[in-house]
Amino acid sequence: LICVILGAESRDIRNAAAQKLLDWGFATYGLYTAEGGSLDPLRVTFGNTDNAALSYPKFTAVLPKSDLGSVEHMVTLPESVKAPIRMGETVGKITYTCKGEALGEIPITATETVNASTEAFLTIAKSLNPTTVSEGDRLTYTFVIQNFGNTPVVATDDAVVTDNFDPILSDLAVTFN
């Protein structure tokens, strides 16, 4: 605490007023402290590893002593992040409140670097049209294959797409777009 007394008639009066004010301040207010630490790793997509370790710093706030037990915190983190992630990069936050009033927030940061994968990462989505057919009707399957990786897939990679049809289909025609 810092105390400034102006207009006192003497040094003794100024010192007594400052002492009284400081005594009141230390008796009335306290320091809330939440130590820093780590959280469960965050899932990383398209990275050279699947998770990133996380940490957060210490948080402090001066509050009335009667409010020290009323502090709440909320962690805000995405379910996953896309690589690359750099050590020290902010990926979320912790917000502290007391009786509905914001006290402040601290960053949640990655404690390690996760580089982007150097491989192809294929996803396949399949749709059917129409969803109900009778014998002899035409049925169209649409496959959407996407590469979310950092390396293209080429014919020499011998990528194979398979699907099990039940019942087994016959007289199939395949069209590539």
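Just so you know, these numbers use all the heavy atoms, side chains as well, and skip hydrogens, waters and symmetry mates.
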Distance-only donor-acceptor pairs under 3.5 Å for side chains of residues 71-84, two or more places apart:
none

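Considering CG of Leu39 and OH of Tyr56, their distance stands at 5.5 Å, rounded to 0.5 Å. In this structure, the separation between CG on Asn48 and CD on Glu119 is 9.5 Å, given to the nearest 0.5 Å. With rounding to the nearest 0.5 Å, the separation of CD in Glu112 from CE in Met87 is 9.5 Å. The OG1 atom of Thr90 sits 10.5 Å away from atom CD1 of Ile85, with the distance rounded to the nearest 0.5 Å. Lys20 contributes atom NZ, which lies 12.0 Å from atom SG of Cys3 (distance to the nearest 0.5 angstrom). With rounding to the nearest 0.5 Å, the separation of SG in Cys98 from CG in Leu103 is 5.5 Å.
Residues meeting the side chain to side chain donor-acceptor pair (under 3.5 Å) test with Gln19, sequence neighbours left out: Asp23. In terms of the salt bridge (Lys or Arg N to Asp or Glu O under 4.0 Å) criterion, residue partners of Glu105 (sequence neighbours excluded) are, by chain and number, Lys93. For Leu68, the side chain to side chain contact (heavy atoms under 4.5 Å, CB included) partners two or more places apart in sequence, or in a different chain, are Tyr32, Leu63, Lys65. With sequence neighbours left out, Asn51 forms a side chain to side chain contact (heavy atoms under 4.5 Å, CB included) with Pro41, Arg43. Not counting sequence neighbours, the partners of Asn115 by the side chain to side chain donor-acceptor pair (under 3.5 Å) test are Arg86. For the side chain to side chain contact (heavy atoms under 4.5 Å, CB included) test, residues two or more places apart in sequence or in another chain that qualify with Val153 are Ala120, Leu122, Asn147, Asp157, Ala159. Remark: Lys99 pairs with Asp67 by the salt bridge (Lys or Arg N to Asp or Glu O under 4.0 Å) rule, at least two apart or across chains. In terms of the salt bridge (Lys or Arg N to Asp or Glu O under 4.0 Å) criterion, residue partners of Lys126 (sequence neighbours excluded) are, by chain and number, Asp163. Scanning for side chain to side chain donor-acceptor pair (under 3.5 Å) contacts around Ser127 gives an empty result, with sequence neighbours left out. Partners of Arg138 under the side chain to side chain contact (heavy atoms under 4.5 Å, CB included) rule, at least two apart in sequence or in another chain, are Thr140.
The heavy-atom pair separating Gly88 from Thr109 by the smallest distance is O-CG2, 3.6 Å. For Pro130 against Leu128, the heavy-atom pair with the smallest separation is O-CG, 3.6 Å. Shown here for Pro57 and Ile106, the closest heavy-atom pair between the two residues is O-CD1, 3.1 Å. Minimum heavy-atom separation, Gly47 to Val114: CA-CG1, 4.1 Å. Shortest non-hydrogen contact noted between Ala8 and Ile5 is CB-CG2, 4.3 Å. When every heavy atom of Ile124 is checked against every heavy atom of Phe143, the shortest pair comes out as CG2-CD2, 4.1 Å.
No side-chain donor-acceptor contact under 3.5 Å links Thr33 to the backbone of Thr60. Remark: the backbone N or O of Ile13 is paired with a side-chain donor or acceptor of Ser10 at under 3.5 angstrom. For Ser55 (side chain) and Thr111 (main-chain N/O), no donor-acceptor pair under 3.5 Å exists by modelled atom type.
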Side chain to side chain contact (heavy atoms under 4.5 Å, CB included) between Ile108 and Ile94, intermediate numbers included: CA-CA 7 Å; Ile108 299 171; Ile94 302 175; 3.7 Å; yes
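By the rule that hydrophobic residues join a cluster once side-chain heavy atoms approach within less than 4.5 Å of another member, Val62 and Trp24 end up as members of one cluster.
Taking 4.5 Å as the limit, some side-chain heavy atom of Tyr29 sits within range of a side-chain heavy atom of Pro64.
Taking Ile, Leu, Val, Met, Phe, Trp and Tyr as members and joining any whose side-chain heavy atoms lie under 4.5 Å apart, directly or through other members, Val154 forms no hydrophobic cluster with any other residue.
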